[in-house]
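Below is one structure, written out as structure tokens; the observations come after it.
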Amino acid sequence: MSVRELVVLGTASQVPTRHRNHNGYLLRWDGQGLLFDPGEGTQRQMLRAGVAAHDLHRICVTHFHGDHSLGLAGVIQRINLDRVPHPVTAHYPASGEHFFDRLRYATAYRETVRLVQRPVAVDGELERSAAYVLEARKLSHPVESYGYRLVEPDARRMLPERLAAHGIAGPDVGRLQRLGELNGVTLDEVSERRPGQRFAFVMDTRLCDGVHALAEGADMLVIESTFLDEDVQLATDHGHLTAGQAARVAASAGVRHLVLTHFSQRYDDPTEFERQARAAGFTGELTIAKDLMRVPVPKRR
């Protein structure tokens with residue numbers, strides 16, 4: 001059975017709190033697991049959330065600030081300790097390769113798993129498979145940072161009433177899908193386009209073109225909202241977003257489910273982030289992330 005969900009491992013920004021661990025987000029996409037920004041404590045949060053090392057197929061790091069990357073050492077060693085049977089691919093800004101290497105070899109351990117390093121240097125496509133295309137876009141932060149976007153290819157949805165009208169049933173439906181035409185009936189006549197799902201992950205950044213490009217048409221957008229709107233100057237100065245800014249991006253991009261996260265420890269009331277996001281005009285599904293919650297990716301359109 002296919003599962004598409006976000007498992008939230010941590011939601012704090014620079015300083016963790018009693019209730020918020022440093023960053024960590026696992027996207028379950030059918031049989032694939034993509035781990036984003038494993039901050040300090042991610043390995044323990046995985047245990048608490050029921051996420052195994054065997055679930056990881058890809059690691060995507062947006063940038064090399066500690067709250068987004070210090071968990072790499074433990075996660076990589078756990079992958080090897082548990083002898084994960086498949087290769088694991090790691091993406092991260094190319095300018096921080098020395099940081100990745102230091103974290104990968106922070107202490108002695110036995111390497112048993114093939115870890116493929118594929119650093120990101122420019123905007124564009126990183127990986128293409130039958131299941132999805134993984135893309136990256138540069139963000140605006142004091143250190144080089146990239147956001148990630150997963151795009152499922154469009155498909156066709158068969159329409160039973162049109163199939164019946166043309167007398168197509170049983171194995172002939174599969175033949176038509178494979179061939180594109182059967183007995184003079186084209187696939188377009190008995191089906192409609194089914195848009196592929198889109199997932200976007202945007203961490204530490206000011207507003208920039210990359211933010212809007214990543215968010216465009218996303219079924220789920222996971223985005224930082226470190227500050228509330230009254231602290232917008234602090235957000236700009238430090239390369240971050242406010243709740244209202246993130247929500248306006250989501251509204252203009254047609255996002256279906258907005259997940260706000262990466263909250264500054266200065267705020268005690270998470271409901272204020274929700275209030276400001278709604279006040280900014282976002283009317284879709286909205287989640288204020290909490291550690292260890294699971295958020296389903298919206299069903300296909």
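- Applying the side chain to side chain contact (heavy atoms under 4.5 Å, CB included) rule to D154 yields the partners R193, P195; only residues at least two apart in sequence or on another chain are considered.
- In this structure, the side chain to side chain contact (heavy atoms under 4.5 Å, CB included) partners of R48, at least two apart in sequence or on a different chain, are R44, Q45, L292.
- Under the rule for a side chain to side chain contact (heavy atoms under 4.5 Å, CB included), the partners of F100 that lie at least two apart in sequence or sit in another chain are F64, L72, I76, A90, Y92, R104, L115, Q117.
- Applying the side-chain hydrogen bond (donor to acceptor under 3.5 Å, both in side chains) test to pairs two or more places apart or on separate chains, those with a residue in residues 172-181 are D172-R175.
- A distance-only check finds no donor-acceptor pair linking the side chain of D204 to the backbone of H240 [under 3.5 Å].
- Residues satisfying the side-chain hydrogen bond (donor to acceptor under 3.5 Å, both in side chains) criterion with T17, sequence neighbours excluded, are absent altogether.
- With respect to the salt-bridge test (charged N to carboxylate O, under 4.0 angstrom), the residues R156 and D188 qualify.
- Using a 4.0 Å cut-off between charged nitrogen and carboxylate oxygen, D219 and R301 count as a salt-bridge pair.
- Judged purely by atom type and a 3.5 angstrom limit, E152 uses its side chain to pair as donor or acceptor with the backbone of Q197.
- As a member of the Ile/Leu/Val/Met/Phe/Trp/Tyr network built from side-chain separations under 4.5 Å, L159 groups with nothing else and remains a singleton.
- Here L81 sits alone; no ILVMFWY side chain lies under 4.5 Å from its own, so it joins no hydrophobic cluster.
- Looking only at distances, a side-chain donor or acceptor of D37 sits under 3.5 Å from a matching main-chain atom of T62.
- The side-chain hydrogen bond (donor to acceptor under 3.5 Å, both in side chains) test applied to T186 returns E189, not counting sequence neighbours.
- By the 4.5 Å side-chain criterion applied to Ile, Leu, Val, Met, Phe, Trp and Tyr, F227 is assigned to a cluster that also includes L139, V202, L207, V211, L214, L221, I223, L228, L234, L241, V249, V255, L258, L260, F263, Y267, F273, F282, L286, I288.
- With sequence neighbours left out, T89 forms a side chain to side chain contact (heavy atoms under 4.5 Å, CB included) with R58, H91, V116, R118, E127.
- H262 contributes atom NE2, which lies 8.5 Å from atom CD of Q14 (distance to the nearest 0.5 angstrom).
- Taking a 4.5 Å side-chain heavy-atom cut-off between Ile, Leu, Val, Met, Phe, Trp and Tyr, the cluster of M203 extends to L6, V8, Y25, L27, W29, L34, F36, V120, L126, Y132, L134, Y146, Y148, L150, F199, F201, M220, V222, V259, M293, V295, V297.
- Take R20 and apply the side-chain hydrogen bond (donor to acceptor under 3.5 Å, both in side chains) test, not counting sequence neighbours, and it matches T11.
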